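Worksheet: the structure to be examined is printed underneath.
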2 protein chains.
Amino acid sequence: MLVVDDGQDEVFRALADPTRRALLDALVARDGQTLFELCTRMADTGVTSSRQAISQHLDVLAAAGLVHVRRQGRYRLHDLDTTPLLPLRRRWLRPDERTDR
Amino acid sequence: MLVVDDGQDEVFRALADPTRRALLDALVARDGQTLFELCTRMADTGVTSSRQAISQHLDVLAAAGLVHVRRQGRYRLHDLDTTPLLPLRRRWLRPDERTDR
DNA sequence: ACGATAGGCAAGCGATCACTTGCCTGTCAA
DNA sequence: TTGACAGGCAAGTGATCGCTTGCCTATCGT
């Protein structure tokens, strides 16, 4: 039962899984990667997940607004969007720690 | 089965729960709050959780290094520590977004 | 046209999570 | 010293999570 929602629940829960974090890492390098591309990249970095598993992870990331999905022919291209992370960067910092912009 | 761990798994999983995030919010205001103090503060902000539930949440936060617990008489005092969040603030930002320190 | 490629849908399963419940321990004030 | 206060421990439960499985759809090259 979710009594209070700070409006960022989907973002935080999306970040809670190491495979999803690895997917974000992979997407920092380049936008527009396909599902298969990300699958092989995950396999290269030691993440052994099936295509369906990775697809579901990307769905969660997309629902959180961290990844945008666009279709191009039979390809599903993924773009990273870090704007949902920005408010997260200042939260829980005390005034004296907010020395950046 | 956790194949890859980026070394921050406990931190991210600790942040995945809205009650735990609310506890961090409460601790930003002041260090050294007791369990009961945090319980009433949670109740005031609309989080309806039992003492045991909140205690368990604080344990998770402590395991992640986000909260430090010290004993004083029959009180259990909690201090916030945001240093585990610092590496998190730069991850997934593209080079052109890293304009702060 | 047809096989291969890229991806989608949904049911099911085991593991984990958040929480409750019941009882116990330690500390303080009177 | 004794009762109230602050917290601890651990088993149990229902819900959610991550993932698999099996099958289906759509798009491309030849």
Side-chain angles (χ1 to χ4, degrees), chain A residues 1-6 9-24 26-27 32-43 45-64 66-79, chain B residues 1-6 9-24 26-27 32-43 45-64 66-79:
Chain A
M1 174 182 48
L2 192 76
V3 182
V4 279
D5 188 3
D6 45 26
D9 198 62
E10 278 189 315
V11 177
F12 281 108
R13 289 165 35 88
L15 295 178
D17 187 89
T19 303
R20 285 195 288 267
R21 293 196 296 275
L23 282 169
L24 293 182
L27 282 170
Q33 298 186 62
T34 68
L35 176 58
F36 259 64
E37 213 166 345
L38 290 168
C39 285
T40 56
R41 195 180 278 256
M42 288 298 99
T45 51
V47 183
T48 57
S49 296
S50 67
R51 174 181 61 87
Q52 290 84 349
I54 292 186
S55 177
Q56 287 167 6
H57 280 307
L58 287 168
D59 288 342
V60 174
L61 291 171
L66 289 164
V67 164
H68 294 290
V69 183
R70 55 191 159 100
R71 272 222 157 262
Q72 185 175 303
R74 62 175 151 173
Y75 299 108
R76 184 206 206 197
L77 306 181
H78 303 83
D79 300 325
Chain B
M1 172 184 47
L2 191 76
V3 183
V4 278
D5 188 4
D6 44 27
D9 198 62
E10 278 190 317
V11 176
F12 281 108
R13 288 164 38 88
L15 295 178
D17 186 272
T19 302
R20 285 195 288 268
R21 294 196 297 274
L23 282 169
L24 293 182
L27 283 170
Q33 298 186 62
T34 69
L35 177 58
F36 257 64
E37 212 168 345
L38 290 168
C39 283
T40 57
R41 196 180 277 257
M42 286 299 100
T45 50
V47 183
T48 58
S49 294
S50 68
R51 174 181 61 88
Q52 289 85 350
I54 291 186
S55 177
Q56 286 168 7
H57 281 308
L58 286 168
D59 289 341
V60 174
L61 290 170
L66 290 164
V67 165
H68 295 289
V69 184
R70 55 193 160 102
R71 273 224 159 260
Q72 186 175 304
R74 61 175 152 174
Y75 299 107
R76 184 206 205 198
L77 306 181
H78 302 83
D79 300 325

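Numbers restart at 1 for each chain; the letters A, B, ... are given by sequence-line order, proteins then strands. As the structure is a prediction and not an experimental result, all values here were calculated from the model.
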Q | Rounded distance in Å - CD (B:Glu10) to P (C:dT16) | A | 15 Å
Q) If every non-hydrogen atom of B:Arg76 is compared with every non-hydrogen atom of B:Arg71, which pair is closest and at what distance? A) N-NH1, 4.5 Å
Please list, for nucleotides 28-30 of chain D, all pairs of protein and nucleotide N/O atoms separated by less than 3.5 Å.
{"from": "D:dC28", "atom 1": "O4'", "to": "A:Arg74", "atom 2": "NE", "distance (Å)": "3.4"}

Q: Mind listing the closest non-hydrogen atom pair of B:Ile54 and B:Leu38 along with its distance?
A: CD1-O, 4.4 Å
Q) To the nearest Å, how far apart are B:Asp9 CG and D:dG18 P? A) 11 Å
Q. Is any side-chain heavy atom of A:Leu15 closer than 4.5 Å to a side-chain heavy atom of B:Leu15?
A. no
Q: Quickly, which of A:Leu61, A:Asp17, A:Val60, A:Val47 forms a side chain to side chain contact (heavy atoms under 4.5 Å, CB included) with A:Leu23? Name it, please.
A: A:Leu61
(Q) For A:His78 versus A:Leu58, what's the shortest heavy-atom pair and its separation? (A) NE2-CD1, 3.4 Å
Q. A:Phe36 CZ to C:dG8 P: how many Å, rounded?
A. 11 Å
Q: Could you state the atom-to-atom distance from CD of A:Gln33 to C1' of C:dA6 in whole Å?
A: 16 Å
Q) A:Leu77 has an atom CG; how far is it from atom C1' of D:dA26, in whole Å? A) 15 Å
Q) Can you list, by residue number, the residues of residues 49-61 of chain A that have a non-hydrogen atom closer than 4.0 angstrom to DNA chain D? A) A:Ser50, A:Gln52, A:Ala53, A:Gln56, A:His57
Q | Exercise: identify the closest heavy-atom pair between B:Ala64 and B:Glu10 | A | CB-O, 3.5 Å
Q | For B:Asp9 against A:Ala16, the heavy-atom pair lying closest together | A | OD1-O, 4.2 Å
Q: Would you mind telling me which residue lines up with the more 5' stretch of DNA chain D, A:Arg71 or A:Arg20, judged by nearest nucleotide?
A: A:Arg20
Q) Rounded to the Å, how far apart are A:Leu35 CG and D:dT27 C1'? A) 15 Å
Q: Give the nucleotide from the list D:dA6, C:dC19, C:dG8 with an atom nearest to the side chain of B:Thr19.
A: C:dC19
(Q) Please give me the minimum heavy-atom distance between A:Ala26 and A:Met42, naming the atom from each residue. (A) CB-CE, 3.7 Å
Q. Does the side chain of B:Thr34 come within less than 4.5 Å of B:Leu77's, by heavy atoms?
A. yes
